[in-house]
Every structure is written in C-alpha cells, then in structure tokens.
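For reference, the structure discussed in these notes is given below.
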Amino acid sequence: MTDSSAPARLRVAPSPTGDPHVGTAYMSLFNLAYARKTGGQFVLRIEDTDQARLVAGSEAQIYDTLSWLGLDWDEGPDIGGPYAPYRQSERLDTYRPIVDRLIEAGHAYYCWCSPDRLAQMRKAQEEAKQPTTGYDRLCWGKTREERAELPGFSETPVVRMLIPDDVELSFTDQIRGLISAPRPDDQVILKADGFPTYHLAVVVDDHLMGITHVVRGEEWISSTPKHILLYRWLGWEAPVWCHMPLLRNQDKSKISKRKNPAARLLWFKEEGYLPQALRNFLQLMGYPPQADDAEVCAFEDFVADFDWAKVNTVGPVFDVKKLDWLNGHYIRSLGDDELADAICAHIDAYQSDELPGGLTPRAREVVREAVPLIAPRLTVLKEALGKVRFLLCEDEALPVDADARAKVATDAESVIQASIEVLSGLDEFTTDAMHDALTTRLVDEMGLKKKLAFAPIRVAITGVLVSPPLFESMEILGRESCLARLRAFVA
Ligand code: GLU
C-alpha cells in the first residue's frame, strides 16, 4: 500500500461523449482534494478510445466547466505535462506493444467472432439459462486459418484477456475495506479498429502516468478485478483503489442526464449557480460537514481536513434545495459590484434573447444600482433579470399585470393623481424624500392605510404587486420615468 503521507498523484479521466456529467466534477473535487492535501498532483486525462461515442465540443466543455468550478489540474491535454500526451487517442503507439506482450505471454488472444455470432451466442446462453455466461472462447488456441473455417468469422479480430480460474475477485478499497466483485468475462482489450478499450488504456495510463490513487465512481468496482489482473500480468504495482458512492436522485435512483437536469454540469451555469456554491455542495455529498452547523466550508478547509475514512458509501441524495440555500449564502457574500458583474455575465450568456437589444451600458448601470435591492431574496442568478426587468424597460412598454391593476383599482385614480403632484414638486428625488412626502399626503392628509396608499404606485411603476423595494426602485428610475409611468397608468 502506498505511503499515506507521500505526495499522491490522482487523475480524473472523463470521456468526451456528451455534455459533462456532474459526476465528473464530483470525482474531480475529491481527487483534487487529496492531491492538494498530500502536496501531489491532479491530472486531467481525456479517455476518447470509444470513437463511435465522441461528441464534438464535449472536450472543450469539460475544460470549461471544471475551470469554472476552480477544479484546476496540474497536467492535461490542454496544458501538457511530463507524461504527455494526455489524450488517449494520441497514445495508440503506447498500447499496441503492451497488447502484443500480453498475447505472447498467453494472457490474451485474438478473437475473430463477428458481432452476429456473439449475439447468437448470448441468445443461446440466455435461452439455456446457462449458469455462466460470457464469451465461449471459440477462438482461443486457434490460428486465424483454423478459425476462418468456422462460421461467424470476421476479418478484423479483437484481442481478449484470458481470465484465469484463479482471478482475484476481492480487493481492498480505501473507502470500503475488503470488497469483492463478480467473475469477469474474457474482456476485449483491443478493438477491431485498433483502439484499446477503456480497461486496457486506463491501466496502462494510470501506471505510466504514476497515478497512486484511482478515485472513481462505484460503477467501476466490477471492473477492478480485470484491472488488477492486468497490473499483475504486466508486473506493475497496483494503485490504491477508492470507489466513491454514486450521486442519487430523491427516489434513490442513480442520477442521470435523462431523468434529472442537474446531472448536466452545464445546467448549473445556465441556472446561475455560483461555482463556489456548487463546489461546496459537492463537498457535502457522501462527506460530513466539519461540524453540524458548518456546512459552508471553503475548499481549503475541506482539503486541510480531508480523510478517505470519512466518505460515506451510502449514495448521497442530490438535494437541490440545499444547493439553493448554499447559493443564496454565496450570493450574499459577494460584494455588490461582484454580484452585478455576475448577473450581467449571466444575462449576456444565457438571457440576452429575453432582453431586446441585450444589456446596454445604461442597463448595466441600472443592474449595478439595483443589486442591493434584489440581493436579499436572490437564489440563483437567472432570477435577477425578472426582478430588474421593470427597471430596464421603456416606460411606455412596461407590461402591467391585469390582476394587479384590478386589485388596486379602488383608490388608484386619486392616489396616482396626488402622487404625481407630490413627486413633481420634490426638491430631491430620493427614497427618503419620496417616502416622507407621500406618507404625509396619502396617509396623513388623505387618511389612506399605508399599504393601500402605496399599492397603486407600485403597480404603476413596476407592473406587479410584489417587487423590489418601491422608493429605492423609483430613485433608480428617476423622476421623469416615474411620472411617465404614473400618468400612463391612469390614462
Ligand atoms: N473514462 C471513465 C469514465 O468516463 C473513467 C473511469 C475511471 O476513472 O477509471 O467514467
């Protein structure tokens, strides 16, 4: 076992097969934490050996989302490093001689069975309810010529591992202790297209890249016996295994992009979660807070205290409400300017089509001024536009909610006329001055209840009954705009 205090080398190894999964960030976070804790390195490797499943743009999204989360890697395809290349499709020359070595040693063999034959074989096994299924080794021990005589022959062979009877099925996992997995099939390690499969490439690269700890999702436990065999055959020391729990939906099913939008890392950006909130949230997945009331935790503190023994293997439930709460916390810990920048960047990236002409310089200024008004009740950045929209729209284009208008109809006419008079005569168009003068006129002189007195003004100015603080908003809009809206309301 590797010395637990030595600098560790860890990696995350996503496959660019679609937009990145939240699990990739989760794995990166724990890998990175341990690398930082031990003063070691965190490597990003792109596992693109399954050419049929590659999705254009996916690799760039992996870089973007992990960088956005501040999960920075020390070596990777984009920045290089001492073990480059870090993209498996560029390492084919490395894998081939190792496959040949395994064939020569009798640990692996060519298989010419066509996909049709394999499908038929599987069907027959199922129908016969055979206790052991898997490849029937038709090709094992045969030359190409011998095999070509038999049905279901394909010109381009694959290479399979010859799983021995004494394959070790139990292994020690740093998180789970001694665990075991079912007996593997004669796994394909080199495909007909000349690319290795994941199982070979992952072992070769983890070894050659000096990876000391393999930290990955629990779905890989069943593959580990195959990987351990490869290490044994090749005479290499196996890494420490750490299989993390899978993230789960509320109903305990595995989180998937099909069922849960939160399985997509990009969803968090689109919704307007702050990276520090998502990172903090992932720190709490299957891992206890440092104290009951210490769920808010900086990455540095998480690292300082990090210990594999604390990982809970019961699949953590992905509770977006908790994330909302954390996001609100982080939003409110930003300075006003930082929050304004974040909101504007979010609108630019995801909501500009909801705002004719996008964010003009004046609109950015308005957002900046409105931040103190909207920050207290903001959960995600995407909500900000809805809250400030009335400040950004032209006075004549302000949509006024029909229900809101109906609710305030009784006193509206007299309240608005009086307000226009009061506001026109104010020396300074400030929150306090408006509040005092309107209270004097509407409440003291006209005898209206405070709530009733201001509601029509709110609807006229904002278009709705519930809005950010009224007089502060009016100060941002300015006198001319406010008067125009009041006049339009009664017209
Ligand atoms: N390429 C694998 C994946 O995308 C990596 C698994 C591992 O970390 O070994 O899940």
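Indexing begins at 1, ligand by ligand and atom by atom, following the structure's order.
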What atoms in ligand 1 come closer than 4.0 Å to a heavy atom of Val202? 9 (O)
Would you indicate which of Ala201, Ala13, Pro14, Pro16 comes nearest to atom 5 (C) of ligand 1 when only heavy atoms are counted? Ala13
Give me the nearest non-hydrogen protein atom to atom 10 (O) of ligand 1 as residue plus atom name, then the distance to 0.1 Å. Trp220 CZ2, 3.5 Å
Charged tip of Arg160 within 45° of Tyr135 ring normal and under 6.0 Å: yes
Gly81 and Tyr86: which non-hydrogen atoms are nearest, and at how many Å? C-OH, 3.3 Å
Would one find more than 12 heavy atoms of other residues, nucleotides or ligands at under 6.0 Å from atom CG of Asp353? yes
Under 4.0 Å from one or more heavy atoms of Tyr198, ligand 1 contributes atoms 2 (C), 5 (C), 6 (C), 7 (C), 9 (O)
Counting from 1, what ligand 1 atoms have a heavy atom of Glu47 closer than 4.0 Å? 1 (N), 2 (C), 5 (C)
With backbone taken as N, CA, C and O and side chain as the heavy atoms from C-beta onward, which portion of Arg11 lies under 4.0 Å from ligand 1: side chain, backbone, both, or neither? side chain
State whether the side chain of Asn31 and the backbone N or O of Arg11 hold a donor-acceptor pair below 3.5 Å, judged by distance alone. yes
Arg183 and Leu169, any side-chain heavy atoms less than 4.5 Å apart: yes
Proximal ligand 1 atoms for Arg216, defined as those under 4.0 Å from one of its heavy atoms: 7 (C), 8 (O), 9 (O)
Sub-6.0 Å ring centroid separation between Tyr26 and Tyr287: no
